[in-house]
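Throughout, a chain's letter reflects where its sequence line sits, starting with A, and its residues are numbered from 1.
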Amino acid sequence: MTEDIKDNIITIIKNIPKGYVTSYGRIASMAGIPRSARYIVYILKTETSHHNLPWHRVVNSRLQIAIKNPIGQNEQMQLLRSEGIPVDQEGKITKEYLWMPY
DNA sequence: AACATGACGGACA
DNA sequence: GTGTCCGCCATGT
């Protein structure tokens, strides 16, 4: 993967507005590499601390917090709620809070 | 080179 | 709605 794509991805993640979420797959598509959701996972895992990314605004395509994320689903839940996003007991978020840039 | 592994996604039953 | 199956793609061993 080229460096510019990687930078692009980091920029996109930084641009997720407070109070909204998006998915791994959608970020991949925005960066021009559809079907590469797993690459986004890799970026988040390796670059979050370095770039101060809002990692908590990224959930899976079913708008649900990943159960086994290394940081902890509970912490992600707290962060989202602190931004005003309702998260239910199962970690699900309603689609009104999905970031839909046009 | 050949596997195995993921904070995944889509199709299908 | 749920669960299974398979494709995906960079990385690690």
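- One interatomic measurement links the two molecules: CH2 of Trp55(A) to P of dC8(B), which rounds to 13 Å at whole-angstrom precision.
- Within the 4.0 Å cut-off from OP1 or OP2 of dG9(B), at least one side-chain nitrogen or oxygen of Ser23(A) is found.
- Within 3.5 Å, no donor on the side chain of Arg38(A) pairs with an acceptor on the base of dC9(C), nor the reverse.
- Across the protein-nucleic acid pair, Ile27(A) atom CD1 and dC9(C) atom P stand 17 Å apart, rounded to whole Å.
- The interatomic distance linking Arg35(A) (CZ) with dG10(B) (P) rounds to 10 Å, in whole Å.
- With hydrogens and angles left out, the side-chain atoms of Gln78(A) and His56(A) include no donor and acceptor closer than 3.5 Å.
- With hydrogens and angles ignored, a donor-acceptor pair under 3.5 angstrom links the side chain of Arg62(A) to the base of dG10(B).
- In this model, the phosphate group of dC8(B) is not approached by any side-chain N or O of Ser36(A) to a distance below 4.0 Å at OP1 or OP2.
- In this structure, Tyr39(A) places its OH atom 19 Å from P of dC8(C), rounding to the nearest Å.
- Rounded to a whole Å, the CG atom of Leu98(A) is 12 Å from the P atom of dG9(B).
- Contact check for Ile43(A) versus Ile27(A): no side-chain heavy atoms found under the 4.5 Å cut-off.
- Judged purely by atom type and a 3.5 angstrom limit, Gln64(A) uses its side chain to pair as donor or acceptor with the backbone of Glu90(A).
- Between the OH atom of Tyr42(A) and the C1' atom of dG12(C) there is a distance of 10 Å, rounded to whole Å.
- Distance alone, capped at 3.5 Å, is enough to place a donor-acceptor pair between the Arg57(A) side chain and the Ile16(A) backbone.
- Below the 3.5 angstrom threshold, one finds a donor paired with an acceptor across the side chain of Tyr24(A) and the base of dA7(B).
- Note: CD1 (Ile71(A)) to P (dG6(B)) measures 16 Å, nearest angstrom.
- For Leu44(A) and dG6(B), the CG to P distance is 17 Å, given to the nearest whole Å.
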